[in-house]
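Structure record follows, encoded as structure tokens.
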Amino acid sequence: MTAATDPTIPRSWMQRNRMTITPLLFLAPGVLFFAVYVIIPIFQSFYISTFEWNGLGELSEQGEYVGFRNYQELMTDRAFEISLWNNVKWLALYLLAIPAGLFIALFLNQTIMGIRIYKSLFFFPFVISQVVVGLVFSWFYLPREGLLNLVLGVFGAGPVNILGDPTLATYGIIAAGLWPQTAYCMILYLTGLNAVDPEQVEAARLDGAKGWKMLWYVIIPQLKPATFIAFVVTIIGALRSFDLISIMTNGGPFGSTRVLSFYMFEKALSEYGFRMGYGSAIAVVLFLIMLVFIGYFLWSMYRDEKGARR
Amino acid sequence: MFPTPIQKRPRAAQITYQTLVPLALILWLLPLLAVGLFSIRPLSDFTNGNYWGMPSSFEFFTNYGKVFFESDMPRYLLNSLLITVPTVIGAVALSCMTGFALGIYRFRGNLLIFFMFIAGNFVPFQILMVPVRDLTVNMGLYDTKIGLVLFHIAFQTGFCTLFMRNFIRALPYELIEAARVEGIAEWRIFWYIVLPLMRPAIAALAVLIFTFIWNDYFWAVVLTQGPDAQPVTAGITSFNSQFVAQYHLMSAGSIVAALPPVIMFFAMQKHFIAGLTLGAVK
């Protein structure tokens with residue numbers, strides 16, 4: 001037996017409770033920061049959303065309590081409806097990044113000369129900031145100078161002014177967002193493919209499986225962890241979309257490209273007025289939508305945790 | 001291996017594949033290549049409508065020189081660096097500790113605290129915007145780098161804790177038990193045993209957080225407003241209004257703004273991808 005368990009040495013309170021105190025001390029700074037800047041503000045936003053407040057002075061002095069009136073106003077707000085509908089479009093179309101990423105990963109999962117460099121170059125749109133992606137694509141779409149219309153012109157089509165057309169603009173922005181997101185999903189799947197069990201693949205081959213059947217019944221089930229992460233990051237990415245919209249169209253033309261995250265910012269902080277309460281109400285709605293997904297993610301992770309408990 | 005290795009296919013298929021890959025890459029990076037080409041053109045090309053032909057002269061140094069010497073760009077770049085580096089250090093340091101506590105010790109509420117970090121990391125930024133901005137203003141830190149850094153550290157701690165805790169979980173637990181039997185103090189176990197083993201995780205997180213923070217735009221517009229504190233993602237919009245419609249300069253500016261994380265990625269690729277794909281394989 002060693003010193004720590006030797007009963008002849010008197011042990012202090014600290015030492016006896018070290019298995020409780022140590023984790024508490026180690027957690028304290030991180031939890032404190034996180035609580036102050038993330039957890040508490042979530043509840044504060046709920047609270048602020050029941051006020052009419054311009055953000056100046058203290059909420060308790062300058063704000064006017066209005067109960068659920070902000071939410072009532074949302075129900076009849078046409079701009080809110082458009083934003084919500086655009087969020088649905090973002091969610092649905094952004095998920096295309098997952099099959100697209102899988103497709104590129106399958107395409108690149110070979111060993112030829114220089115394939116590593118190809119893989120990193122395919123990935124690297126993800127590393128560029130969304131601001132620059134937004135700029136790059138808004139120039140790409142330019143009606144006169146843009147490369148897209150040059151290409152369309154070769155096929156005798158166009159010119160189209162994607163970002164200037166209220167019916168097309170949102171799709172143009174989503175396409176720009178899909179570019180880095182597909183790259184992200186691709187890298188997840190490349191890693192997943194690396195870990196696919198070669199014996200199972202060989203066994204399936206002997207059984208005559210190939211092509212689509214092999215992909216669907218043998219490969220994709222083994223890629224499940226990668227698919228889960230791709231799903232999580234894509235949903236979150238879709239609901240967080242702000243940078244691209246702000247850079248590419250600033251919500252226009254005629255407010256047709258607003259999403260909830262952007263509309264909230266506009267209401268609370270931009271030249272359209274400083275309505276913190278109303279903005280918070282929009283944020284609460286966005287949060288509640290997200291909460292459905294967060295609940296699902298946490299539940300899946302909790303199941304895995306239970307399985308891996310030691 | 002799936003799909004079937006190309007080496008096992010006929011020669012014709014191999015050659016097709018080897019020409020297809022570079023073509024696909026060019027297509028994939030086309031918008032970016034276009035910007036690269038814009039950034040070395042002289043202004044006269046744009047006024048003459050020569051957008052896609054050969055550049056009439058090669059103006060790499062003139063254009064990029066203008067970005068560095070005739071705009072606020074160097075200041076924005078410096079701000080970005082002064083925001084990003086402290087955030088990386090802060091978030092990694094905090095999460096080494098939280099990850100250690102959550103990964104090694106069993107106590108009531110362990111999983112609850114862990115899930116609080118994960119859930120917080122997923123929330124839309126907008127739900128935090130008004131209170132965080134208010135808090136920052138009240139602390140007198142609005143439009144300062146430190147105000148931005150504090151928030152970033154706090155928020156990134158969520159993701160970093162998830163990462164670190166799972167990494168520490170995968171370490172051999174016998175090591176810690178053996179140390180305890182030896183009577184080594186808990187903080188020494190952290191400092192001398194766990195921390196050295198966490199080096200790859202620290203490297204991976206550092207590159208990831210560097211990229212995330214460098215590329216942040218939303219919080220930059222919410223918490224700062226002038227060239228004194230704004231990072232380059234927010235500064236690029238003022239840069240673009242300084243050189244409005246001068247596509248050669250705006251292109252050069254965006255390339256400069258995007259470059260640091262790109263360099264970071266290519267230099268630390270292994271760590272970057274290891275960090276990003278953690279959990280993609282079971």
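In what follows, chains carry the letters A, B, and so on, assigned in the order in which the sequence lines appear, proteins first and then strands, with residues in each chain numbered from 1. No hydrogens, no waters, no symmetry mates; every other heavy atom, side chains included, goes into these values.
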Do we see a donor-acceptor contact under 3.5 Å between the side chains of [X] and [Y]?
{"X": "B:Tyr217", "Y": "A:Ser129", "value": "no"}
{"X": "B:Tyr17", "Y": "B:Arg9", "value": "no"}
{"X": "A:Gln222", "Y": "A:Gln200", "value": "yes"}
{"X": "B:Ser95", "Y": "B:Thr157", "value": "no"}

**Request:** Just say parallel, tilted or perpendicular for the rings of A:Tyr296 and A:Trp299, cut-offs at 30° and 60°.
**Result:** tilted
**Prompt:** Should the ring pair A:Tyr302 and B:Phe115 be called parallel, tilted or perpendicular, given that the plane angle runs from 0 to 90° and is split at 30 and 60?
**Reply:** perpendicular
Measure distances from [X] to the heavy atoms of chain B and classify the residue's part below 4.5 Å as side chain, backbone, both or neither.
{"X": "A:Pro29", "answer": "both"}
{"X": "A:Leu286", "answer": "both"}
{"X": "A:Phe140", "answer": "side chain"}
{"X": "A:Ile128", "answer": "both"}
{"X": "A:Ser246", "answer": "side chain"}
{"X": "A:Val196", "answer": "neither"}
{"X": "A:Ile115", "answer": "side chain"}
{"X": "A:Phe293", "answer": "neither"}
{"X": "A:Ala35", "answer": "neither"}
{"X": "A:Val232", "answer": "side chain"}
{"X": "A:Thr20", "answer": "neither"}
{"X": "A:Ile104", "answer": "side chain"}
{"X": "A:Leu106", "answer": "both"}
{"X": "A:Leu27", "answer": "both"}

[options]: which one forms the most heavy-atom pairs within less than 4.5 Å of chain A?
{"options": "B:Phe38, B:Tyr105, B:Phe107, B:Trp52", "value": "B:Trp52"}
{"options": "B:Ala34, B:Ala257, B:Ser251", "value": "B:Ser251"}
{"options": "B:Val221, B:Leu128, B:Ile255", "value": "B:Leu128"}

**Request:** Sort out for me which of A:Arg205, A:Met113, A:Lys224 touches chain B most, counting heavy-atom pairs under 4.5 Å.
**Result:** A:Arg205
**Prompt:** So with a 6.0 Å cut-off around OH of A:Tyr47, is the heavy-atom count from everything else above 12?
**Reply:** no
**Message:** How about CZ on A:Phe43, more than 12 heavy atoms from neighbouring residues, nucleotides or ligands closer than 6.0 Å, or not?
**Reply:** no
**Asked** Checking heavy atoms, do the side chain of B:Ile273, its backbone, both or neither come under 4.5 Å from chain A?
**Response** side chain
**Item:** Heavy-atom proximity to chain A below 4.5 Å, by part of B:Val262
**Value:** both
**Message:** Determine whether the aromatic ring centres of residues A:Phe26 and B:Phe190 are separated by less than 6.0 angstrom.
**Reply:** yes
**Request:** Would you mind checking if B:Arg41 and A:Glu145 are paired as a salt bridge, meaning a charged N to carboxylate O distance below 4.0 Å?
**Result:** no
**Request:** Ignoring hydrogens and angles, tell me if any N or O in the side chain of B:Gln14 forms a donor-acceptor pair with the backbone of B:Gln7 under 3.5 Å.
**Result:** yes
**Request:** Check whether any side-chain N or O of B:Glu186 sits under 3.5 Å from a backbone N or O of A:Thr22 as a donor-acceptor pair, and report yes or no.
**Result:** no
